[in-house]
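Just so we're clear, the structure is a prediction, and the values are computed from it rather than from any experiment.
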Amino acid sequence: MQPWGILFFADRLPPLIGGMEIHAKYFIEYFDNHHKFHILGIVTKNAIGQNCVILKGNNRLIQLDTLADLFCPSFLFFNSGRWIETFAQLRNGFPKAKFIYRTGGNEILKADLVSKKKSSYLARRIYWVDTLNDTIDILLTNSIYTETRLRAMGITAPFQCFIGGVHTAALKATKALHPKRLTIFCAARFVPYKHHAIMVDVAYELVLRGYSFTLRLAGDGPLLEKIKRQVAAYKLTNVIKFLGVLDHAQICQEMVEASIYMQLSSDHLTKVPGGSYMHAEGMGRSILEALTAGTFVIAGQGGALSEIVVPPYGLLVDIADFHTMVDQVEAILNTPLVKRPIGDTFCWSKVFKGYETLFDGMG
């Protein structure tokens, strides 16, 4: 049988690290030279924002209106909403192809536009909804929560949910990094909805209660320096360690070695020009990785986290009730934590085998 070709549209690619970039990395590895569904080319943008296509590792500039002269794909797979303003143009260029868009939901709710300037958030949101309904054959989501949010916006395109996204081979056992001390780890950008300040408050209260541990924080972001000042003011520099930006292998090593993974994400009202939207944790790749590593997870209530953080593998806490939250974390510290074997529930191969079934049904 002739393989069915995929034209893959990425926003950014590794070595940049984020949910979309990690998905792109393993999607490309899995479907590159796939026996049935193979990648024809990777459409992305270069460092100065020019459209380009990557073919067999070679990068060349392209015009989107000439893509149809170069490729005849069965599927256009969009890894983000970066291309929303070109969807109608691409649909005209590839009338027979199936359009698939994978989303965590936040970029759709944010409804950002670059070329089509609209001062009203409502107008931008309507543009996104209408464009998706008119051009996308199926939306792939990472949670039931995300699907529910998008349906409430008025999106009527079909949905399919794939929960997962962990490179299990990276979670291999390694030499202990910090074997003699209880260690709490978090890998998250220092942005408002991750609530690092509350995590530092929790650590401070636990130290006052006499607990000994190390809190290791990986990542960067606009709030990093503010959190460093908070740690210094609390005199916690011997307790809380800032690791900076780690590569994926280093993060996975920290996941495996940690006693607890803590990430206090919650729904956060976010202002945008002309309005606001609720930014939420559509799933949380780092939390999926920690659960896969067999590490106990403490996470904030909100978003889709209740779909994956469940007893006995984790605890959801209400960050608005500080003292109850600290009591709950203290109870976990007083409970012997047994490291579970590395699992495969959320592995990439299961996600991509699901994609294969989807492609078969659409082809």
Side-chain angles (χ1 to χ4, degrees), residues 1-16 18-103 107-108 110-118 124 126-140 155 157-158 352 355-356 358-360 362-363:
M1 177 182 292
Q2 181 70 24
W4 292 337
I6 302 168
L7 197 55
F8 184 73
F9 287 75
D11 183 354
R12 305 184 307 174
L13 295 168
L16 296 167
M20 290 182 296
E21 292 82 8
I22 295 297
H23 174 270
K25 171 181 172 64
Y26 293 112
F27 183 99
I28 292 167
E29 285 184 7
Y30 189 90
F31 288 104
D32 190 30
N33 296 318
H34 190 279
H35 69 283
K36 189 172 184 180
F37 309 106
H38 71 290
I39 295 176
L40 300 174
I42 302 163
V43 182
T44 186
K45 290 185 176 291
N46 62 18
I48 59 174
Q50 296 172 304
N51 294 329
C52 56
V53 63
I54 301 172
L55 297 168
K56 299 184 184 302
N58 296 316
N59 194 318
R60 56 181 282 193
L61 296 178
I62 50 98
Q63 298 294 325
L64 293 184
D65 57 6
T66 64
L67 273 179
D69 298 330
L70 303 174
F71 302 102
C72 185
S74 301
F75 308 101
L76 270 65
F77 193 110
F78 298 92
N79 194 38
S80 79
R82 174 64 184 81
W83 307 91
I84 184 71
E85 294 170 78
T86 67
F87 279 6
Q89 175 189 1
L90 291 168
R91 172 54 79 186
N92 288 333
F94 298 96
K96 296 182 180 180
K98 301 296 184 183
F99 279 42
I100 303 168
Y101 173 21
R102 177 185 180 267
T103 180
E107 83 280 8
I108 296 177
K110 183 179 180 181
D112 194 24
L113 294 175
V114 177
S115 300
K116 302 182 187 302
K117 300 294 186 182
K118 298 178 185 290
R124 296 195 303 274
I126 290 171
Y127 175 87
W128 272 74
V129 170
D130 288 346
T131 300
L132 293 173
N133 287 341
D134 291 344
T135 59
I136 298 299
D137 290 291
I138 191 162
L139 274 166
L140 308 185
I155 295 175
F352 296 144
Y355 287 5
E356 291 178 17
L358 174 69
F359 296 159
D360 267 323
M362 298 178 71

Would you say the ring centroid of Phe31 lies under 6.0 angstrom from that of Phe75?
no
So, do Tyr30 and Tyr355 have ring centers that fall under 6.0 Å from each other?
no
Can you confirm whether Gln50 is buried at CD, in the sense that more than 12 heavy atoms of other residues, nucleotides or ligands lie under 6.0 Å from that atom?
yes
Surrounding NZ of Lys45 (heavy atoms of other residues, nucleotides or ligands, distance under 6.0 Å), is the total greater than 12?
yes
Look at Glu21 together with Lys25 and state whether they make a salt bridge at an N to O cut-off of under 4.0 Å.
no
Keeping [X] on the side-chain end and [Y] on the backbone end, is there a donor-acceptor pair under 3.5 Å?
{"X": "Arg91", "Y": "Ile136", "answer": "no"}
{"X": "Asn79", "Y": "Met20", "answer": "yes"}
{"X": "Glu85", "Y": "Ser115", "answer": "yes"}
{"X": "Trp83", "Y": "Thr44", "answer": "no"}
{"X": "Asp137", "Y": "Phe99", "answer": "yes"}
{"X": "Arg124", "Y": "Lys118", "answer": "yes"}

Minimum heavy-atom distance between Leu40 and Phe71, given as atom pair plus value
O-CE2, 3.7 Å
If every non-hydrogen atom of Asn133 is compared with every non-hydrogen atom of Ala157, which pair is closest and at what distance?
OD1-N, 3.4 Å
Do Leu64 and Thr66 come close enough that some side-chain heavy atom pair is under 4.5 Å?
no
Would you say that Asp360 contacts Phe37 through its side chain, given a criterion of any heavy-atom pair below 4.5 Å between the two side chains?
yes
